[in-house]
Amino acid sequence: MWKQACSQSLSGMSSHKIKRTALQILPCTVSQLLSASQVTRDSFAICDWELNHVSVVGIIRGFAPFVTNIQYSVDDMTGPPLNVKHWVNTEDCAPMTFASPGTYVKVIGSLRSYSGQRSLMAMNIRCIKDLNEITSHMLEVVQTHMQFFGKKFDVNMNTTAATPSGYSDGMLPNGLSSIQAQVLHVIKGLSVRDIDTSFHDLKTQLDFLSMRDIRSALTFLINEGHVFTTTDEHHFKSTDH
């Protein structure tokens, strides 16, 4: 599907218009969607390119059926599971069907944010029968993002532009995970101004991460000597600033 976007003629179009129209259905990873820049409440961008519709492939970890929709937790192992909401036709008398946990699915939809939590509003959810589609999707992610952005990737398939500044060639330092690196980046940014970073600061700036992930990253960073507590156990500074 990404080829449909690439096939558009870009000649004679302004840069702003290209960025708004070129990406029709963009293959992505969960990590890329969680780290995408939020432009407005319902508008997100990767490397300054506004997202329209995206596709992800992952395994269903859980689901919760409601009257008007089914919510899934979809995990592709590049980051924390992504919440996916699939609206159902309440006028249809047919029994509600849903994909069960442990099933691999391909989801096409639009990224949204509600109360600080990012969700994928699914237009279509399809169960994957051939596991080669998982590999194929990841290859499409690499090829498409190289085509549009010409960027390198980290271990979670985030482009270099999404990697905190100061990390050469998009590589995460000292074997840090993407989440640990993002937490450290926020703390370093305030430490250079001699400001303590509170847990509230981290939650505000990294609102796409869960409190559990932030706390886990902090524990690791403190134990490894990258961060230390200051006035209390809820305020932090970087040891390297």
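Because the structure is a prediction, the values reported are computed rather than measured.
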Subject >> L82 versus V30, closest heavy-atom pair with distance >> reply: CB-CG1, 3.8 Å
**OP:** Report yes if the side chains of H137 and T29 come closer than 4.5 Å at any heavy-atom pair, otherwise no.
**Re:** no
Subject >> Donor-acceptor pair, side chain of S136 and main chain of N132, under 3.5 angstrom >> reply: no
Original post:
With Y72, which of I60, L120, T103, V105 fulfils side chain to side chain contact (heavy atoms under 4.5 Å, CB included)?
Top reply: I60
Original post:
With a 4.5 Å limit on heavy-atom distance, are the side chains of N52 and L26 in contact?
Top reply: no
Subject >> Taking every non-hydrogen atom, the tightest pair across C28 and V54 >> reply: SG-CG1, 4.0 Å
**OP:** Examine distances only and state if a side-chain atom of S73 and a backbone atom of G62 form a donor-acceptor pair shorter than 3.5 Å.
**Re:** no
Subject >> Spatial distance of atom CG (L221) from atom CD1 (I214) [nearest 0.5 Å] >> reply: 11.5 Å
Original post:
How far does CD of Q180 sit from NE2 of H185, to the nearest 0.5 angstrom?
Top reply: 15.5 Å
**OP:** Identify whether V39 and L206 are in the same connected component of the hydrophobic contact network (ILVMFWY, side-chain heavy atoms under 4.5 Å).
**Re:** no
Subject >> Cluster companions of Y114 among Ile, Leu, Val, Met, Phe, Trp, Tyr (side-chain spacing under 4.5 Å) >> reply: W87, M121
Original post:
Is I187 close to L202 at the side-chain level, that is, under 4.5 Å between some pair of heavy atoms?
Top reply: yes
Original post:
When you measure from the side chain of S216 to the backbone N and O of R212, does any donor-acceptor pair fall under 3.5 Å?
Top reply: no
Original post:
When hydrophobic residues are tied together by side-chain contacts of less than 4.5 Å, even through go-betweens, does V107 share a cluster with I70?
Top reply: yes
Original post:
Can you check whether H235's main-chain N or O pairs, donor with acceptor, with D232's side chain at less than 3.5 Å?
Top reply: yes
Subject >> Nearest heavy-atom neighbours spanning S238 and K188 >> reply: OG-CG, 3.5 Å
**OP:** Show your working on side chain to side chain contact (heavy atoms under 4.5 Å, CB included) between L218 and F199 and close with a plain yes or no.
**Re:** CA-CA 9 Å; L218 281 170; F199 187 82; 3.8 Å; yes
Subject >> Under 3.5 Å side-chain donor-acceptor pair for D201 and S198 >> reply: yes
**OP:** Of all the heavy-atom pairs spanning I128 and E133, show the shortest one and how long it is.
**Re:** CG2-CB, 4.0 Å
**OP:** Quick one: closest heavy-atom pair of I179 and P80, and the distance?
**Re:** CD1-CD, 3.9 Å
**OP:** To the nearest 0.5 Å, tell me how far T229 OG1 sits from K237 NZ.
**Re:** 12.0 Å
Original post:
Mind checking what makes side-chain hydrogen bond (donor to acceptor under 3.5 Å, both in side chains) contact with S55, not counting sequence neighbours?
Top reply: none
Subject >> Transitive ILVMFWY side-chain link L131 to L139, under 4.5 Å >> reply: no
Original post:
Is any side-chain heavy atom of V141 closer than 4.5 Å to a side-chain heavy atom of Q32?
Top reply: yes
Original post:
Which atom pair, heavy atoms only, marks the closest approach of Q71 to N83?
Top reply: OE1-OD1, 3.3 Å
Original post:
At what distance, to the nearest 0.5 angstrom, does OG1 of T135 lie from CG of D130?
Top reply: 9.0 Å
Original post:
What is the distance from atom OG1 of T230 to atom CZ of F236, rounded to the nearest 0.5 Å?
Top reply: 8.0 Å
Subject >> Side chain proximity check, F44 to L33, heavy atoms < 4.5 angstrom >> reply: no
Original post:
Is any side-chain heavy atom of R126 closer than 4.5 Å to a side-chain heavy atom of I108?
Top reply: no
Original post:
Nearest 0.5 Å, what's the CG-CD distance between L34 and Q182?
Top reply: 9.0 Å
